[in-house]
Every structure is written in C-alpha cells, then in structure tokens.
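Notes for the one structure printed next.
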2 protein chains.
Amino acid sequence: MPQEKINKTEKYNKAISPAVVNRLPRYYRYLSELLRNETFKISSKELSELMNVTASQIRQDLNCFGGFGQQGYGYNIQQLHGEIGRILGVERGFSAVVVGAGNLGRTLSKSGLFIKRGVILKALFDVSPDIIGTEIAGFVVKNIKDAACYCRENKVDIAVLTLPKDETESVANMLSSSGGVKGFWNFSNMELKLGTPDMSDESDISDIFVENMHMGDSLMTLCYNLNLKK
Amino acid sequence: MPQEKINKTEKYNKAISPAVVNRLPRYYRYLSELLRNETFKISSKELSELMNVTASQIRQDLNCFGGFGQQGYGYNIQQLHGEIGRILGVERGFSAVVVGAGNLGRTLSKSGLFIKRGVILKALFDVSPDIIGTEIAGFVVKNIKDAACYCRENKVDIAVLTLPKDETESVANMLSSSGGVKGFWNFSNMELKLGTPDMSDESDISDIFVENMHMGDSLMTLCYNLNLKK
DNA sequence: TAGATTGTTAATCGATTAACAATC
DNA sequence: TAGATTGTTAATCGATTAACAATC
C-alpha cells in the first residue's frame, strides 16, 4: 500500500472537533437552499460571503472529511451536499421515540422536524393514564413502563426527552441501560448524568451521546445581552 | 481617583467572551439548585466537581465580573447567585411577545419557561384568522399586523419567533425597525439577517441581539455522533 | 497563626485566519 | 497556457488550564 494512501486514511480518521461538527448542519442547510435555487457550483469564497464566515474556515472544515473540491473550480454543490448528508447520517434513517407526551413532546411529534432530518419517529410514551392510549400525530401513546422494552426490541436509536426535570434522569438511565438507546435529545433544562453506580453492570456508557436543547439557558443568554444596554 | 479604582472599573467593563456568557446560565442553575438544598457556601473546587468543569475555569469566569469569593473560604452561594442573576438581568423583568401561535408558540406560552427566567410574557400574535381572537395561556391572540405597534407602545424587549421559515425574516425586520424590539429568540431553523437595505433609515441594528434555537441543527449534531459508531 | 482558597499571571492548548504552493 | 481556487502549512488569536502569590 502506498505511503500516501495510509496518510489519507489516518488523516480522515482523526476525531473532529466539536466546533467543526456543530457547523456541519449549517453547511448542510445552506447547501440544501442553494440546490433548491438550482445553483450547482460554489467557491469557498462565495459560500463564505453567504454564510458570514471566512473562506479559510470553510476549506479547513471540509478538509477534515475529504477533499471535496476541485482546484480552480470550487465545489460541486450536489456532491458536497451529499457528502455532508452522509457524514451527518441523513440517509441512515435513525429511529426515535418521544418520551413525555406533554405539550412539547406533542409539538415536536406533530412537526416535520424529524422527517426533514431523516429521523423516523416510531412511538410516543407518557406516564399519565389520561394521555396513554390517546392518539397524537398518528401514534397511540404508550405507557412509559414499556419504553425500554420497546426500544430494545425495535432497535430505537434516539430518545427525545420531553419530561419534567425530576423524571428525566431516571428515564434516561433506564433507556440507556436496558433499552439500548444510544442518543438522547434532552429538552429538560438540566444535565443528564448517565451511568449511575447501581447500573454499572450495563453496557459501555462511552458511546452514548446527549444533545441538550436547554431553552432556559438560551433565553437567559439573550437576556444577558439585552441587559448590557442601558 | 486612585489608580487602583480606575483599573478595576476598566477591568470589569471589558467585553465578555461568548464562551463565558454561555456558561453563566449553567452556573445560575447549579447555584439555584444548591440554594434549594440549603447549601450556603461552596469552593470553586467543589463546584467544579459538581459541574464537571475545572475549578480554574470557574474562578476565571467569575472574575470577569468581580471578585465574588473570599480567599480561604470560597463563595457565598446566596451572594453569588444574586450577582449572576443581576448579570443575567433576571430582576430586570424583560418583557416578551410570542409571534406565531402555532403548536410551538402555544407550547412555549403555556410553559413556565418565561416566568421562571424572570421574563414577562405580554401577548401572542398570529396571521391566521382561525387563531386570532382565540385564547391561549390566558391571552387573546392578536393580529400579527398590530405586532410592531403593540411592541413599540408597550416597550417590548423580546420577540419569540415561532413562525414558518419564510415569514420569520420579514416579521423580525418589521419588529426591529418599527417595533423597537431589541432581542429575538429565533426558533426557525435559519439565520436572521436584520437590517435589509430598504429599512436602512431605521435605528441602529448593532444593539439588536438574536439568540437562535436551531432544533434541526441540534438533532443533526446528535445524528452525526450516532453515525460515528458502527 | 496555619490552612484554605481565592484572584491573577503565565503556560498550554486548540481553533481560526492568513498565506501560498499544488493543481485543475 | 493562464487564471482560479483548492488543500494544506504556518501564523495568529483566543480560550482553557496550571501555578502561585495574596489574603482571608
């Protein structure tokens, strides 16, 4: 095997910094938009002006994953869009369940959010007997007690946690240990601490990911900035 | 005025890096929790273990704003909580309106989210004649056409944008230029570009803040991480 | 006073930007 | 070929961590 090839493989296997990862969905959005407008070619310079970042950053970011461009030409948008989509797993069709069918859980379930990102919503769960059995977004809400079992049997990838604060942690622990769920989209305004000692026998916690949507924190950040003036 | 005092004033007037600002709500949350548990004293070391950050970072962050601790003792939680609250403007009582009374707008309005952060919800607006006039969370939904006028007259600080993508930008421009709104909490999965040329006569755009809640991007970041494994 | 822990400076680390040779 | 633009290395900038003197 030629030296060059080994280097390339090594290069593209390096861990990507979170800063870069967090920018990927934004690139994906802009590229989608460009495709919608039937633009097929773009240079890092042009894209940088559109997105308000430096061309250098775009080239650096993309080169973490591969040389998707062509010198003297730029990037083929269709191709680049596809590559980033693959990197983000859009075509993997990850499956998700919503746990907590209150207002927020219902709103998310009814929105096109999941399907637009290639995520397939499979079921909704709740604790309340008033809600269990009712239909939301075409799903009959199931009992939260059956969530772990359901997730394991149906190989659910993502649990969307739209629960009150005090229930979130125990439910997440249950789903990650006995449900096999590998990703949590956490809407409760607290940090999830997974892998409490009493379930240390269970599978490796290290490959479980938590993505937080801390709305409260976001609102307060806005307030901080408003508070600066006057 | 003694030299020392000048230095202190200068020091605490320096712009705070976004990295620090984004951590403030999290500090505030943990301090609130500690107070609830009737803990009144904490060292940067103890807090760092609780929050999973370095003690050094905590001390650096806090010292952007003032010397809130006491050598040999640590931090008085009640005092520190108060200081951060002031920095975040919790007691300022910022006012907000929700623009877009669809599922998400309704969910946010009904949640305790605003009041818990000291933000006072004042009104809801929508375009749809079916929704205008209905009652949500104790508010009669108003016509979006009256939003700018209402915000100006009632000195509304924040507009929560829970609108479809294609309406968000024009509404935000209207509210910032003729409504006097100074902060946008943007739930549409796109970047707001404020201050389009045709309204360049209007007030300074530089003191308008946008805080994005890009749920779609967040979900895709989670997918990226899941996609790494297997 | 002695011990503890801050506030702060200096060192390290990582991320962004600039520059340019490679190359289409 | 000449011009354009990438991929990539080097320089800069900013953020985090470590260390320690100040001090309660």
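Since the structure is predicted, the reported quantities are computational estimates derived from the model, not experimental observations. All chains are named by letter (A, B, ...) in the order of the sequence lines, taking the proteins before the strands, and each is independently numbered beginning at 1.
- A close approach under 4.0 Å does not occur between any side-chain nitrogen or oxygen of B:S17 and OP1 or OP2 of D:dG14.
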- Message: I'd like to know whether A:H214 forms a side chain to side chain donor-acceptor pair (under 3.5 Å) with B:R29, so could you lay out the CA-CA distance, the side-chain angles of the two residues, the decisive distance to 0.1 Å, and finally the verdict.
- Response: CA-CA 11 Å; A:H214 286 175; B:R29 262 195 288 126; 3.3 Å; yes
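- Contact detail for A:K193 and A:E169: the closest heavy-atom pair is O-OE2, 3.0 Å.
- As judged by a 4.0 angstrom heavy-atom cut-off over every strand, B:S56 is placed among the base-contacting residues.
- B:L108 contributes atom CG, which lies 6.0 Å from atom CE of A:M215 (distance to the nearest 0.5 angstrom).
- Dashed line: the shortest gap from a side-chain N or O of B:T54 to OP1 or OP2 of D:dT17 is under 4.0 Å.
- Between the CD atom of B:E46 and the C1' atom of C:dT6 there is a distance of 13 Å, given to the nearest Å.
- Side-chain atoms of B:K41 lie closest to C:dT5 of the nucleotides D:dA18, C:dT5, D:dT16.
- For A:I77 and D:dT5, the CD1 to P distance is 13 Å, given to the nearest whole Å.
- Ranking D:dA15, C:dT6, C:dG7 by closeness to the B:N63 side chain, first place goes to C:dG7.
- Under the Watson-Crick or G-U wobble criterion, with both distances below 3.5 Å, D:dA19 is paired with C:dT8.
- In this entry the distance linking CD of B:Q71 with C1' of D:dA22 reads 6 Å, nearest Å.
- When each of A:Y30, A:Y28, A:Y27 is checked for a ring pair (Phe, Tyr, Trp, His ring centres under 6.0 Å) with A:H81, only A:Y28 meets the rule.
- At whole-Å resolution of the value, CG in B:L62 and P in C:dT5 are 16 Å apart.
- Look at CZ on B:R59: it is 16 Å from C1' on D:dA15, rounded to the nearest Å.
- The distance from atom CD of A:Q60 to atom C1' of C:dG14 is 12 Å, rounded to the nearest whole Å.
- Between B:K14 atom NZ and D:dG14 atom P the separation is 13 Å, expressed in whole Å.
- Going from atom CG of A:D61 over to atom P of C:dG14 covers 17 Å, rounded to whole Å.
- When each of A:R23 and A:G72 is assigned the nucleotide of DNA chain C bearing its nearest heavy atom, the one mapping closer to the 5' terminus is A:R23.
- You'll find the side chain of A:V97 stays beyond 4.5 Å of the side chain of A:V160, heavy atoms only.
- Residue B:Q57 has a polar side-chain atom (N or O) positioned under 4.0 Å from OP1 or OP2 of D:dT16.
- Put simply, B:Y75 has no side-chain N or O that comes within less than 4.0 Å of OP1 or OP2 on C:dA4.
- Checking D:dC24 for Watson-Crick or G-U wobble geometry (two distances, each under 3.5 Å) identifies C:dG3 as its partner.
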